[in-house]
Amino acid sequence: MKNNKLFIAIIIALLIGIVVGSIIHYQLPEYIESFSTNIKLLGTIFIRLVQMIIAPLVFCTLVVGIAKMGDMSMVGRVGAKAMGWFMSASLVSLSIGLILVNWFKPGKGTNFNIQNTASADELLTKTNSLTLQSFVEHLIPKSIFEAFAHNEVLQIVVFSVFFGIALSTLGKKGKIIIKLFDRVSEVVLKMVTYIMWTAPLGVLGAISAAVATYGLKIFFTYAKYLAAFASGLILLWFVLIFVGYLIIGKDVWRLLKAIKEPLLIAFSTTSSEAVFPKLVEQLKAYGCSPKIVSFTLPLGYSFNLDGSMMYLTFASIFIAQIYDVHMSLGDQILMLLVLMVTSKGVAGVPRASLIVIVATCAMFNIPPEGIAFILPIDHFCDMGRSMTNVLGNALSTAAIDKFENDDA
């Protein structure tokens, strides 16, 4: 009942945010900038509260999970299954985006002013993030304290894996440390239940700021683009849920019910990271092994962003269509493969999807400044992307847990 109350509160906050944002945009336009800046602070408070507990939660749960596995062959086996799922899901997601953007052609016949690309300048300067050196630096921490300070989930995962493996070799001497971290993770998860009650305020702030800034008319301006993208997300959801049904059976519906709040929060705040602690809690409540959850979910947040994957091919080809740049089937398949690799190198970088799109466009002689045309609607697309990322990670964790139970 308590969970349903929170779910209802988030829905109410979402509706209030749309109404308040619309009033400001259409009735009080002189207050748009100040209102959006100030109301957005509610969302910032919520997300920062969640970010505050991500690092200790990932570290404690992952170390305990690996140490309790005991058998290091299990760590390798679960890791191999997880990466197999992530690569397959990424390929499917990229392919769906590529197929539907060619089918709907939302960039054809647009009347955008192709000279007005000033809003893309900031992103154009960030494409140096896509290098092998930056990927290695992003993967391996030079200081675990720096990784904790910046919430670098992938770096925390790398350190936690080494720490957990080392701890498991200590035998009885390591049990005290395992028990300590186990209790710390319980405390952090208790904090999650308190923090989640600030989610409705975060949703209210994020939605009302977006609607106040852009107004509802933006949905008509980008109707064709949004319809095509929404179709892609619906198809991707169908594929993910269908595969989930094949693996975990009718329990897939119980899983969807269990993660309804994380899905709604991710949709409303455009942040899949904001629901990580809640998702850990809900997957354990659903019945997934804590060892599998603590190992698979942090990896998924770095390598299994299905909604973002679909958007990469979709947005890149959309920009090509705006500039009437012809791309052969071979070029598009090559782009898909390039995105498959480069997208894994910037996990955790702010606005990573847009940076990858800019770099990819430049690589295939598509004017990268065309990213300016999707910036006005990106917030609303990010709502669907974030929600889909959460779904993909929940299904992958449940599926891998099922595989392990069957093998046991």
Side-chain angles (χ1 to χ4, degrees), residues 8-49 106-107 109-126 198-230 233 264-271 274 311 314-315 318-319 322-323 350-351 353-355 357-358 367-387:
I8 292 168
I10 293 170
I11 292 288
I12 293 172
L14 184 64
L15 296 174
I16 293 174
I18 293 172
V19 172
V20 172
S22 298
I23 291 172
I24 296 296
H25 184 84
Y26 295 107
Q27 302 297 325
L28 303 166
E30 66 273 19
Y31 295 108
I32 288 176
E33 187 175 349
S34 59
F35 173 82
S36 299
T37 301
N38 292 321
I39 198 72
K40 202 183 294 183
L41 290 175
L42 292 176
T44 302
I45 290 170
F46 168 65
I47 291 175
R48 288 180 74 91
L49 281 171
T110 55
N111 56 358
F112 295 127
N113 176 9
I114 61 174
Q115 306 303 321
N116 185 20
T117 57
S119 57
D121 291 345
E122 180 187 352
L123 283 169
L124 291 172
T125 64
K126 291 185 178 181
T198 66
L201 291 177
V203 168
L204 174 65
I207 292 298
S208 55
V211 174
T213 302
Y214 297 108
L216 299 176
K217 65 180 181 294
I218 196 168
F219 295 110
F220 298 102
T221 305
Y222 284 86
K224 191 176 179 182
Y225 180 80
L226 285 171
F229 181 62
L233 288 181
L264 185 58
I265 293 170
F267 176 80
S268 306
T269 62
T270 71
S271 174
Y311 191 67
F314 187 92
F318 171 74
I319 294 171
I322 290 176
Y323 285 95
R351 304 183 88 177
S353 296
L354 298 180
I355 295 170
I357 291 167
V358 169
E369 59 272 15
I371 195 75
F373 303 122
I374 63 175
L375 289 179
I377 204 69
D378 185 67
H379 177 90
F380 301 101
C381 291
D382 204 12
M383 295 167 76
R385 293 201 303 263
S386 299
M387 194 180 187

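Count residues from 1 along the sequence.
For F219 and F380, the ring centers sit closer than 6.0 Å to each other.
Here the straight-line distance linking atom CD1 of I207 with atom CD1 of I16 works out to 12.5 Å at 0.5 Å rounding. Taken to the nearest 0.5 Å, the OG1 atom of T269 stands 13.0 Å off from the CG atom of L42. Taken from OG1 in T221 to CG in L216, the straight-line distance is 11.0 Å, to the nearest 0.5 Å. In this structure, the separation between CD1 on I377 and SG on C381 is 6.0 Å, given to the nearest 0.5 Å. Going from atom CD1 of I319 over to atom CD1 of I357 covers 6.0 Å, rounded to the nearest 0.5 Å. Atom CD1 of I218 sits about 10.5 Å away from atom NE2 of H379, to the nearest 0.5 Å.
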Requested in this report: Evaluate the criterion side chain to side chain contact (heavy atoms under 4.5 Å, CB included) for residue pair I371 and D378; output intermediate values, then yes/no.
Outcome: CA-CA 10 Å; I371 195 75; D378 185 67; over 6 Å; no
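No side-chain heavy atom of I374 sits under 4.5 Å from any side-chain heavy atom of F229.
With sequence neighbours excluded, the residues forming a side chain to side chain contact (heavy atoms under 4.5 Å, CB included) with T198 are F46, L49, I195, listed by chain and number. Residues satisfying the ring-ring contact (aromatic ring centres under 6.0 Å, His included) criterion with Y225, sequence neighbours excluded, are F314, F318. Evaluation of the side chain to side chain contact (heavy atoms under 4.5 Å, CB included) rule for I10 yields L6, A199, P200, V203, L264, I265, S268 as partners, not counting sequence neighbours. Residues passing the side chain to side chain contact (heavy atoms under 4.5 Å, CB included) test with L28, sequence neighbours excluded: I24, E30, Y31.
Sorted by first then second residue, the side-chain hydrogen bond (donor to acceptor under 3.5 Å, both in side chains) pairs that include residues 203-217, not counting sequence neighbours, are H25-K217, S36-T213.
When all heavy atoms of I47 and A274 are compared, the closest pair comes out as CG1-CB, 4.3 Å. In this structure, Y222 and P376 approach most closely via the heavy-atom pair OH-CG, 3.7 Å.
Other residues, nucleotides and ligands place no more than 12 heavy atoms under 6.0 Å from the NZ atom of K40.
Note on ring orientation: taking the six-membered ring where Trp is involved, the planes of Y323 and F373 are tilted (angle from 30° to 60°).
Proximity of a side-chain donor or acceptor of N38 to a complementary backbone N or O of S34 within less than 3.5 Å is detected.
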